Amino acid sequence: MPEDIKSMYERELQAAFAEMGEPSYRAAQVYKWLHLGVESFDEMTNISKKFREKLMEKYHISSAAIEKKLVSDYDDTKKYLFSFKDGEKVESVLMSYHHGYTSCISTQAGCRMGCAFCATGKSGFSRNLTASEMIAQLQTEQRDNNIRISNVVLMGMGEPLDNFDNVVRFLNLVSSENGMNIGMRHISLSTCGIVPKIYELADMKLQITLSVSLHAPNNEIRSRTMPVNKRYDIDELLRACRYYIHQTNRRISFEYAMIDGVNDSAANARELALKLKGMLCHVNLIPVNAVSGTVYKKSKRERIREFVSVLEKSGITVTVRRTLGSDINASCGQLKRSAERKGVAKGD
Ligand code: SAH
Ligand code: SF4
């Protein structure tokens, strides 16, 4: 199997090319082409044909092919179903904000974490994505829309910290100067709370934003919807979050899906406020997206308002997420599931 060249660091290319007898500037040339998004070695016009042939024998270039695309009628949100060379499919969502384009990409085909409200969690796990497959999602979206993506969120299918090494590699590649040059401060990583990996990430002191999917103020409620809580409970998770803040000096964003009658009472809000007291954090409330095959429904508007007011009174900053692309099932995992049920027609 040829090696995955777009997942390699520039210094790794340098070492490999030196062994092939190439001058040292060759690695920078090839690296730049790869991160400009070429899909074949023949597009690398400043590389000799002889060396291109050698590259072709030894390496392959990952790509993400558009299997299906949905465009929202309300805003400019686009949802993609991509397929990779082995036929695995993942979703990604491209959102347009006044400050530029944000892409929400997948890090795994499926997910092992099994959260009860999540469409991806319901579909099981196929495999980890490589760093280059994460980059390819961004590149295809840039090409398809003739735009430059300025922000990335790792909030699509999969649990990024369950694919730690590839995700860290992606972060380093995508932020590199000769790469897409998207700064770490423009990248958010969302996790359901794999505690040992939060410590590991904290020690790397990257400047990314960490989002933690909390979704409950106590173990009783959290374990009901998120199996990961049985492995790492809320207090352990919040201890890891405090360590993360201490190491990185970065504010953590807690995601909280508002589920009707499950976690949305004023008492739940008070309990949450108490748990987060004194932390450098922000709470993002998301009215849960109803997923077929689950019983969960969005909280009522008054409930959300009340929840916000309790948190604010306790001095916690809170926002209610604007739901972009609500007409195209923009929460990840849903498009793939409906495509699997209907059978996807290419290019429709
Ligand atoms: N695995 C990571 C990142 C991908 S999920 C994580 O869990 O954080 C991205 C976000 O979508 C998470 O906050 C997740 O809890 C949330 N989510 C999943 N299903 C949802 C649904 N039906 N409605 C609202 N948010 C959902
Ligand atoms: Fe996996 Fe995140 Fe979905 Fe949970 S919410 S099943 S961790 S993708």
Side-chain angles (χ1 to χ4, degrees), residues 79 90-93 95 102-129 134 137 152-164 166-167 170 187-195 197-198 201 208-216 221-232 237 240-241 244 252-260 262-264 281-299 304 319-326 328-338:
K79 177 150 186 167
V90 300
E91 297 178 10
S92 173
V93 179
M95 292 155 285
T102 296
S103 175
C104 171
I105 61 167
S106 293
T107 54
Q108 296 180 312
C111 185
R112 277 193 264 250
M113 299 297 133
C115 301
F117 45 77
C118 174
T120 304
K122 298 244 144 253
S123 312
F125 175 77
S126 299
R127 67 167 173 85
N128 282 329
L129 301 195
M134 297 173 215
Q137 296 172 57
V152 178
V153 297
L154 303 182
M155 272 200 190
M157 303 172 77
E159 166 49 48
L161 299 188
D162 187 38
N163 183 14
F164 192 82
N166 289 333
V167 163
F170 163 78
I187 303 174
S188 297
L189 183 157
S190 176
T191 178
C192 65
I194 303 190
V195 164
K197 295 295 174 188
I198 294 178
L201 194 66
I208 58 169
T209 299
L210 184 66
S211 289
V212 174
S213 301
L214 201 55
H215 304 326
I221 300 177
R222 195 163 193 265
S223 291
R224 244 194 283 154
T225 49
M226 300 182 72
V228 69
N229 196 66
K230 294 176 192 146
R231 242 191 311 157
Y232 311 109
L237 173 57
C241 291
Y244 187 90
I252 286 190
S253 175
F254 288 106
E255 307 295 311
Y256 196 104
M258 298 287 289
I259 312 175
D260 187 34
V262 173
N263 62 357
D264 63 346
C281 72
H282 172 94
V283 173
N284 197 10
L285 300 176
I286 315 140
V288 78
N289 256 299
V291 167
S292 63
T294 73
V295 295
Y296 302 110
K297 283 205 286 296
K298 271 187 192 37
S299 299
I304 299 180
T319 46
V320 181
R321 184 187 290 170
R322 188 158 69 101
T323 45
L324 291 177
S326 52
I328 55 169
N329 282 341
S331 100
C332 266
Q334 297 185 350
L335 180 62
K336 180 159 183 260
R337 262 164 79 79
S338 68

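First listed ligand is number 1; within each ligand, the first listed atom is number 1. No experiment lies behind these values; they were computed from the predicted model shown.
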Visitor: If I take atom OG from residue Ser223 and atom CZ from residue Arg231, how far apart are they, to the nearest 0.5 angstrom?
Guide: 12.0 Å
Visitor: Ignoring hydrogens and geometry, is there a side-chain-to-backbone donor-acceptor pair from Asn166 to Leu129 under 3.5 Å?
Guide: yes
Visitor: Which atoms of ligand 2 have any heavy atom of Gly121 under 4.0 Å away?
Guide: 6 (S)
Visitor: Please could you name the atoms of ligand 2 that Cys192 approaches to less than 4.0 Å, counting only its heavy atoms?
Guide: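 Atoms satisfying the 4.0 Å criterion: 7 (S).
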Visitor: About how many Å separate CG of Asn284 and CZ of Arg321, when rounded to the nearest 0.5 Å?
Guide: 5.0 Å
Visitor: What protein heavy atom sits nearest atom 3 (Fe) of ligand 2, and how far off is it?
Guide: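 Here the nearest protein heavy atom works out to Cys118 SG, 2.4 Å.
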Visitor: Is Gly114 near ligand 2, meaning one of its heavy atoms is under 4.0 Å from it?
Guide: yes
Visitor: Under a 4.0 angstrom heavy-atom cut-off, which atoms of ligand 1 come close to His215?
Guide: 13 (O), 14 (C), 15 (O)
Visitor: How many angstroms lie between OG1 in Thr294 and CZ in Phe117, if you round to the nearest 0.5 Å?
Guide: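 If I round to the nearest 0.5 Å, the distance is 10.0 Å.
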Visitor: Taking N or O atoms only and a 3.5 Å limit, does Glu159 qualify as a polar contact for ligand 1?
Guide: yes
Visitor: What I'd like to find out is whether the side chain of Phe170 reaches to under 4.5 Å of the side chain of Val152, using heavy atoms alone.
Guide: yes
Visitor: Against ligand 1, does Met226 come closer than 4.0 Å with any heavy atom?
Guide: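 The answer is no: ligand 1 sits nowhere under 4.0 Å from a heavy atom of Met226.
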Visitor: Please work out, at 4.0 Å between heavy atoms, whether the side chain, the backbone, both, or neither of Val291 comes within that distance of ligand 1.
Guide: side chain
Visitor: Mark up the atoms of ligand 2 that fall under 4.0 Å of a heavy atom belonging to Gly158, in ascending order.
Guide: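 Counting from 1, the qualifying ligand atoms are 8 (S).
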Visitor: Side chains of Val167 and Met134: closer than 4.5 Å at any heavy-atom pair?
Guide: yes
Visitor: Look up atom CG in Leu154 and atom OG in Ser188, then write down how far apart they are to the nearest 0.5 Å.
Guide: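 If we round to the nearest 0.5 Å, Leu154:CG and Ser188:OG are 8.0 Å apart.
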Visitor: At what distance is the nearest protein heavy atom to atom 7 (S) of ligand 2, and which residue and atom is it?
Guide: Met113 CB, 3.5 Å
Visitor: Heavy atoms only: which of Gly193, Ser190, Cys115, Cys118 lies closest to atom 3 (C) of ligand 1?
Guide: Ser190
Visitor: With heavy-atom distances below 4.0 Å as the criterion, list the atoms of ligand 1 near Thr191.
Guide: 6 (C), 8 (O)
Visitor: What's the separation between atom CD1 in Ile194 and atom CG in Asp162, rounded to the nearest 0.5 Å?
Guide: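 Separation between the atoms: 5.0 Å.
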Visitor: Can you check which of Thr294, Val153, Asp162, Ile286 brings a heavy atom nearest to atom 25 (N) of ligand 1?
Guide: Ile286
Visitor: Please evaluate residues Glu159 and Thr107 with respect to the criterion side chain to side chain donor-acceptor pair (under 3.5 Å), reporting the C-alpha separation (whole Å), side-chain torsions for both, the decisive distance (0.1 Å), and the verdict.
Guide: CA-CA 7 Å; Glu159 166 49 48; Thr107 54; over 6 Å; no
Visitor: What I'd like to find out is whether the side chain of Ile198 reaches to under 4.5 Å of the side chain of Leu210, using heavy atoms alone.
Guide: yes
Visitor: Can you check which of Phe254, Phe117, Tyr256 brings a heavy atom nearest to atom 18 (C) of ligand 1?
Guide: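 When every heavy atom of Phe254, Phe117, Tyr256 is considered, Phe117 comes closest to atom 18 (C) of ligand 1.
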Visitor: Measure the spacing between CZ of Phe254 and CG of Leu237 and express it to the nearest 0.5 Å.
Guide: 6.5 Å
Visitor: Closer than 4.0 Å to some heavy atom of Asn289 - which atoms of ligand 1 meet that?
Guide: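 Ligand 1 atoms under the 4.0 Å threshold to Asn289: 21 (C), 22 (N), 23 (N), 24 (C).
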Visitor: Side chain or backbone of Met113 under 4.0 Å from ligand 1, or both, or neither, by non-hydrogen atoms?
Guide: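 Under 4.0 Å from ligand 1, Met113 contributes no heavy atoms.
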Visitor: Look at the N, O or S atoms of Cys115, main chain and side chain alike, and state whether any lies under 2.8 Å from atom 4 (Fe) of ligand 2.
Guide: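 Coordinating: yes.
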Visitor: Please state which option from Gly156, Cys104, Gly158 has its nearest heavy atom closest to atom 1 (N) of ligand 1.
Guide: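 Looking at heavy atoms only, Gly158 sits closest to atom 1 (N) of ligand 1.
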Visitor: Would you sort out whether Lys79 and Glu91 count as a side-chain contact (heavy atoms from CB on, under 4.5 Å), showing the intermediate values?
Guide: CA-CA 7 Å; Lys79 177 150 186 167; Glu91 297 178 10; 2.9 Å; yes
Visitor: Does ligand 2 have a heavy atom under 4.0 Å from the side chain of Cys111, from its backbone, from both, or from neither?
Guide: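 Answer for Cys111: side chain.
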